[in-house]
Amino acid sequence: MAESNNMSNYDEASLRAEVTAWLAANWDPQLSLIDWRTRLTESGWAMPQWPAQWYGKGVSAQLAAVVAEEFAAVNALGVASGGPGRLAAVTILEHGSDAQKAQYLQRILTGEDAWCQLFSEPGSGSDLAGSTTRADFDGSQWLINGQKVWTTSAHHATYGLLVARTDWDVPKHQGLSYFVLDMQQPGVEVHQLRQMNGHASFNEVFFTDARIAADQVLSNVGNGWQVALTTLAHERRLADVLRATAARSKLEGPIYEEERAETAIVMEPYQWYPQRAGRVDLVGARAKSTGAINDPAIRQEIAKLLIMSQTAEWTARRARAAQEHGRPQGPEGSLGKLASSNVARAASHVHTLISGADAMLTGSDSPLDGIIAEILVSVPAISIAGGTDEIQRNIIAERVLGMAKEPRADTGPFRDVPKNTV
Amino acid sequence: MAESNNMSNYDEASLRAEVTAWLAANWDPQLSLIDWRTRLTESGWAMPQWPAQWYGKGVSAQLAAVVAEEFAAVNALGVASGGPGRLAAVTILEHGSDAQKAQYLQRILTGEDAWCQLFSEPGSGSDLAGSTTRADFDGSQWLINGQKVWTTSAHHATYGLLVARTDWDVPKHQGLSYFVLDMQQPGVEVHQLRQMNGHASFNEVFFTDARIAADQVLSNVGNGWQVALTTLAHERRLADVLRATAARSKLEGPIYEEERAETAIVMEPYQWYPQRAGRVDLVGARAKSTGAINDPAIRQEIAKLLIMSQTAEWTARRARAAQEHGRPQGPEGSLGKLASSNVARAASHVHTLISGADAMLTGSDSPLDGIIAEILVSVPAISIAGGTDEIQRNIIAERVLGMAKEPRADTGPFRDVPKNTV
Amino acid sequence: MQFSFSDEQDQFRAIIQRFLREKSPTTEVRRLMATERGYDSEIWRQLAEQLGLPAIHIPEIHGGSGFGPVELCIVMEEFGRYLLCAPYFASSVLATTAIMNGATAAEQAELLPPIASGERIATLAFTEPNGRWDATGVELTADLAGGDYLLSGTKSFVLDGCSAELLIVVAREPGTSGSQGLSFFRVEPDAAGLVREQLQSMDATRKLARLTFTNTPGILLGELGSAAAALSRTLSLAAIALANEMVGGAQALLDSAVSYAKMRVQFGRTIGSFQAIKHKCADMLLEVESAKSAAYYAAQAAADNDSDLPALASLAKACASDAYMHTAANCIQIHGGIGFTWENDTHLWFKRAKSSEVFLGDPSYHRELLMQNREL
Amino acid sequence: MQFSFSDEQDQFRAIIQRFLREKSPTTEVRRLMATERGYDSEIWRQLAEQLGLPAIHIPEIHGGSGFGPVELCIVMEEFGRYLLCAPYFASSVLATTAIMNGATAAEQAELLPPIASGERIATLAFTEPNGRWDATGVELTADLAGGDYLLSGTKSFVLDGCSAELLIVVAREPGTSGSQGLSFFRVEPDAAGLVREQLQSMDATRKLARLTFTNTPGILLGELGSAAAALSRTLSLAAIALANEMVGGAQALLDSAVSYAKMRVQFGRTIGSFQAIKHKCADMLLEVESAKSAAYYAAQAAADNDSDLPALASLAKACASDAYMHTAANCIQIHGGIGFTWENDTHLWFKRAKSSEVFLGDPSYHRELLMQNREL
């Protein structure tokens, strides 16, 4: 966010005083969610790190934390936390025109518009830049044809962040453009995609001459990959946001109810995510209640799991501590995703050992009302979603350890690069 | 061996009758080893599968087994079993001129000449064809400069099988030639190479203007890689030969003493090979004598090892059975080496678990008079020697499973291919 | 010991494969796994009449074809490969073997012919809600009451327990424990006091039931109190049959992973040309081939009445379970996101692998048994 | 809980690194490991006088510098990285900690200052030929005879046991068992009835001895019969120090593997550009970073007197042992044949990894301890 460098002249004391005063005057849990957030965004306290021109105060991350503290102190709500919307906001803030910012930002923050992210395709998963969804300019507007997949929330999104190919005669990363797509049009068809664990958290999105106006390109035509990198860089930080709303989970009052309803919708596709991570938290109690805790061989496996899971947590905290001390984050950050795959697999193994014959069951016949079964059939996703383990290892080796990249087989005009014939 | 196809007209009965009669008339354990083997090679019973012209009878593998049976029945000795010599013999038989065959074959079979194999170099291990030892023709002879490594028995070899580069301007596999090198000359210097387990089984061989006569190229100049493939194809079959000599290990008489002395020299560099493979045979007794057998967690590890080791053995027997039934060998053959690495690693782990504190010791303080320590520091070799695990996985994936090769980075004139700057 | 199949056995396998390729495509598997009974009676009839598979290892005097464990295991391997939905494991492996091992000649003459012909589907109920896979887990009791035996207790994880038409039940004399006092009983599906409930199984191709017995009449099979050895032999053969089923499934997954990797392009190359995928496949092949070696060896050992059978059965079961699970997980991984969808067939085998991993005891249980039963 | 080192700690580490880079290149390691004593007195003197390292966690009143476990572990990590040959673990970790935990204030005042200054090298003798790493393994007895204690029995695997100038010996009252009746004794190296024999250690940088005591006089330290708790605390800290030493070594191996992979060319590419090597290195990094997290956390917990210390010590020891061994084996593998030679330095760390794996108890022993000491 280049523009967020226009730091204001606040110091901590003056900032705290101002935000406290503003909250005292404005925070009202009797307001509707939208009314409150409209007031909030217009005040600039919504996104303190953002520029003053766009719903912010232009302050540092450290000072923004002070604002968050004061909001938390009076249980005041922040802006909408919906995942893809937040990604849309940071991307538009960084790459959008003023007209685009004016058109979209506020309604994202208030939660009036829902968004979705149209990146992955059936033929380009790990190879995200290999997108073959086409955007052709007919002289007045863009016509979109192709298919996206793994799109969370596509079925209730107003807008989509779309990466599509606008030039087939340049190398693959150079022929992409980044669009805002109106999801509510006839050329866009959304189908739910069911997973092996029975949930349907994702969608396939089909485009048949879907239309995008000429002014709905973010940044320049052909610069789509650079814009997409901004979106991707923010993808991992959402967990923190969701953690924040959880802190208000017990408060009473209409605005809190409204927020919880909103969160429930946002969170719906992610219900099984804790199971996907292996639920290490359940292992101790399960081992005790089944008596598996007395089996020396199982104790070894539980201990291995605990070691893996504890060290993963500590490694993450080392990374955060380094960041807080303003030091380079070191390799710890990049390793978390790979560690979480290992932990989940080990946890699934341990849950199987502990459950014995019960591991054959599902639904209400499975232990913990089906949670155990859901772990066993959800864990395979964690080493794939958000970049496979193999891709993570490439990233770690190349970017952290500085090892050479492989010779590329996809240079030259994209038209000539071998592709899937799905 | 193209020439071995000139099958004779023997049937099993006539062959058995003839060899029995010949043995009755000729086998004499009172002969010296060389005298016996000279008589043997001249009779054609030395290498029954080889052509009649060259110490053989031109019979099938099946009939050759009949000859071996009759030899075993009267404890008659075969030809010299020295590893590199045998490789030299099969290579010369297939690619040598008649003059070369006449010059070398018989003295290999009688054991009068010892050989060594000069393939690997410090800069080309996995990438054997990347040899940079140079052979330059000065108009009358070849001058050799460079270095080889991992050469077993180089210090007592009369001749060496040398792969060297004769053309730097063609792709790497096309610029190699295959020579017979006289090891007993001033331009050849042999240094012993000590391993991390304290043994010194291999040598480094340095060439400084070493000389090779023009008629000592095997096959044609530039065809060295094809010739080397013949040698490599036979490399794995040596274990069988060595097993055969072991069968006579208890017989008395001067010729058997002589053979045992010969075998001792040949086997000297391989003393630690059983330890390299992990000595699964020792696990049961060690677990019982230390009481580790009562530890449920160690029992699991022992069981895993037993399963791995038993199935590796059975897989090898399946491969042999398929071959005996004249069926294609199937994938089982190629997997043995990879399996043996896994077994050895698991065995080393189990020996450590069983030995506990004693695993810190070596020499006579280490259990079984140092055998346990030798296992722990020898096992790392098994996944490297004779082609690393990584190379084996490539071979299995590409040749057995038919997966695509990687894009090559070493095409074009070898002069321009990136190399090590050792 | 034989280390290869005979030509006749290879032909037999080819016949079964041809049948399954036609009759058990995954569209059929998906259709049948969604039904309550879980199989198609017409296919079962063809399997029995055309191929004689339920008769395979039943002696000829009892209407069988008199083949042995090796042929039975060939059938199992192919069923595992094609995920055939049929009550074969319950009826032809578990119940048949229990009857052959535990019933008198006269009882066998009565019970086996309709099983051999496929007319009657039987199952063996031995495990209980405690989930133990050996005799020590049996708590269900058989009380002698006026010449009749009345069974009380609960069996669980009973394969095809709701659809089977004959139940062979392991029960114990009240007051006994361990391997003492165990007997086999036959119970009719409509017997008094018997409640059969379908369990929700993760692997929908493998129907499991909980059977509750309340003073349910049962007819003794074999000699009273002497079922332990027969049960143990039965479970050894069942473990070997399951190991063979598993290697068939693992091979199907490996084939699927390799062929997808050869076809799928990312970064301008087939993903199978990347070492990460290539080496994973090589390791999978090694693991699957090792499991096959164990499963085949154990089947042959069963045919030879090898005295080391319990150890070999455990070895094969442990090895095949691990190989199957690893192959299943890797097959999903190699397919990427698509491999995690319901639409893709991989999860059908993944769930079978998971249920097979624990069915008849998990790898760690069998490794411990191996240590107990094998002389080191 | 602190999750990063302070600037002062980082500077301290940098000073040690500078010292070791100069004083402990592998040529020196090779020279010293071939000597019987295994270290260079002059380097030890510099280590003590210039850097004050033997004094690091000894209280200032006893001539120490009064730092704590975190600083001690920084020293250990760097020693592990550079494979320094010195009796530091024996004297400054084992013996010092035992004295600090088990001796009276007066005894500490007498014993610690010369250890802190480096003038006197001590060691702790607790393990016996049975190879057990806790109090239950102690069989050596201390008999009270006319006001003196006479020790009889054998200690083994005693670090620097032949060269140490002061022996702290764990002995038990005859007739006691388990953690009852244990005491610390100080024994002079020339005491009557003491025979010290060097053991041949696979890791020649770690000198081990067997000490045989025959009515050898020993002077009681601390209170009679109450050493168990002090020994246990000592072993927890020793395990944590060893875990930190191990992560230093593992990092050195990882660095070596990565830099070799970046330089070594095969098939016209650096081998580090092949996924097989690249992914192995990524996994190694994850394992080494995880082990560091555990080792650092445990060191900090020791500084904080965390009540969970025994569990954390076992966690760190188990994790670091596995990471070190895997990294060592992979480092050889990545170096290929050259990595298996004596000339290449990798085996020096490999052997240290192997001896560290079992020293103070192997990973499986510590995983079991973790389960016993941690509330699930």
Side-chain angles (χ1 to χ4, degrees), chain A residues 120 122-127 129-130 149-150 172 193-198 200 202 290 295 297-298 301 345 348-349 352-353 355-366 370 373 376-381 383-385 388-391 393-394 406 408-412 417-421, chain C residues 127-133 156-157 197-204 206 208 210 263-271 273-277 280 325 328-329 332-344 346-348 350-351 354-365 367-368:
Chain A
S120 297
S124 63
S126 290
D127 180 15
V149 73
W150 312 124
K172 89 178 170 181
L193 193 57
R194 193 171 171 210
Q195 299 130 230
M196 63 174 272
N197 64 0
F202 304 105
T290 58
D295 180 322
I298 297 183
E301 300 306 309
R345 256 192 307 272
S348 174
H349 175 60
T352 303
L353 286 175
S355 300
D358 284 338
M360 292 196 286
L361 304 177
T362 191
S364 53
D365 285 331
S366 159
L376 304 182
V377 294
S378 297
V379 157
S383 46
I384 297 170
T388 64
D389 279 4
E390 288 73 26
I391 294 288
R393 290 194 186 94
N394 274 347
E406 290 195 275
R408 296 203 71 110
D410 57 354
T411 51
V417 169
K419 302 172 197 61
N420 289 300
T421 49
Chain C
T127 312
E128 305 198 356
N130 62 41
R132 301 241 284 280
W133 297 103
S156 193
F157 312 104
E197 297 162 278
Q198 190 91 297
L199 291 166
Q200 300 173 67
S201 53
M202 172 194 291
D203 169 12
R206 187 167 263 161
L208 299 171
R210 178 169 41 231
M263 175 268 279
R264 172 82 174 170
V265 176
Q266 292 285 275
F267 307 103
R269 296 161 53 178
T270 59
I271 60 169
S273 72
F274 288 100
Q275 285 189 336
I277 303 295
K280 204 189 281 292
M325 266 319 296
I332 292 177
Q333 184 70 19
I334 289 173
H335 277 82
I338 190 78
F340 191 67
T341 60
W342 188 267
E343 207 175 86
N344 183 275
T346 308
H347 73 99
L348 304 177
F350 178 93
K351 289 167 185 172
K354 183 49 84 179
S355 81
S356 304
E357 184 186 11
V358 296
F359 183 50
L360 304 181
D362 71 19
S364 120
Y365 168 80
R367 282 191 291 263
E368 176 55 36

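Proteins come first, then strands; the chains are lettered A, B, ... in the order of their sequence lines, and each starts at number 1. Here the structure is a predicted model, which means the values were calculated and not measured.
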With a 4.5 angstrom heavy-atom cut-off, is it the side chain or the backbone of [X] that approaches chain A, or both, or neither?
X: C:Leu199; answer: both
X: C:Glu128; answer: neither
X: C:Glu357; answer: side chain
X: C:Phe350; answer: side chain
X: C:Ser201; answer: both

Requested in this report: Check the pair A:Leu361, C:Gln200 against side chain to side chain contact (heavy atoms under 4.5 Å, CB included), reporting the backbone distance first and the verdict last.
Outcome: CA-CA 6 Å; A:Leu361 304 177; C:Gln200 300 173 67; 5.9 Å; no

Requested in this report: List the steps and the verdict of side chain to side chain contact (heavy atoms under 4.5 Å, CB included) for A:Asp365 and C:Arg210.
Outcome: CA-CA 11 Å; A:Asp365 285 331; C:Arg210 178 169 41 231; 4.3 Å; yes

Query raised in the report: Which one of A:Ser364, A:Gly370, A:Ala373 has the most heavy-atom pairs closer than 4.5 Å to chain C?
Result: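 If we count pairs closer than 4.5 Å to chain C, A:Ser364 comes out on top.
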
Query raised in the report: For residues A:Ser383 and C:Gln333, is any side-chain donor paired with an opposing acceptor at under 3.5 Å?
Result: yes

Query raised in the report: Does any N or O in the side chain of A:Glu390 come within less than 3.5 Å of the main-chain N or O of C:Ala276, such that one atom is a donor and the other an acceptor?
Result: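 Between the backbone of C:Ala276 and the side chain of A:Glu390 there is no qualifying donor-acceptor contact (under 3.5 Å).
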
Query - Sidechain-backbone polar pair: C:Lys351 side chain, A:Met196 backbone, donor-acceptor under 3.5 Å - result: yes

Query raised in the report: C:Phe157, C:Tyr365, C:Phe340, C:Phe359: which one forms the most heavy-atom pairs within less than 4.5 Å of chain A?
Result: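 Highest number of pairs under 4.5 Å: C:Phe340.
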
Report task. Could you check C:Trp342 against A:Gln195 for side chain to side chain contact (heavy atoms under 4.5 Å, CB included), going step by step and ending with a plain yes or no? Result -> CA-CA 5 Å; C:Trp342 188 267; A:Gln195 299 130 230; 6.0 Å; no

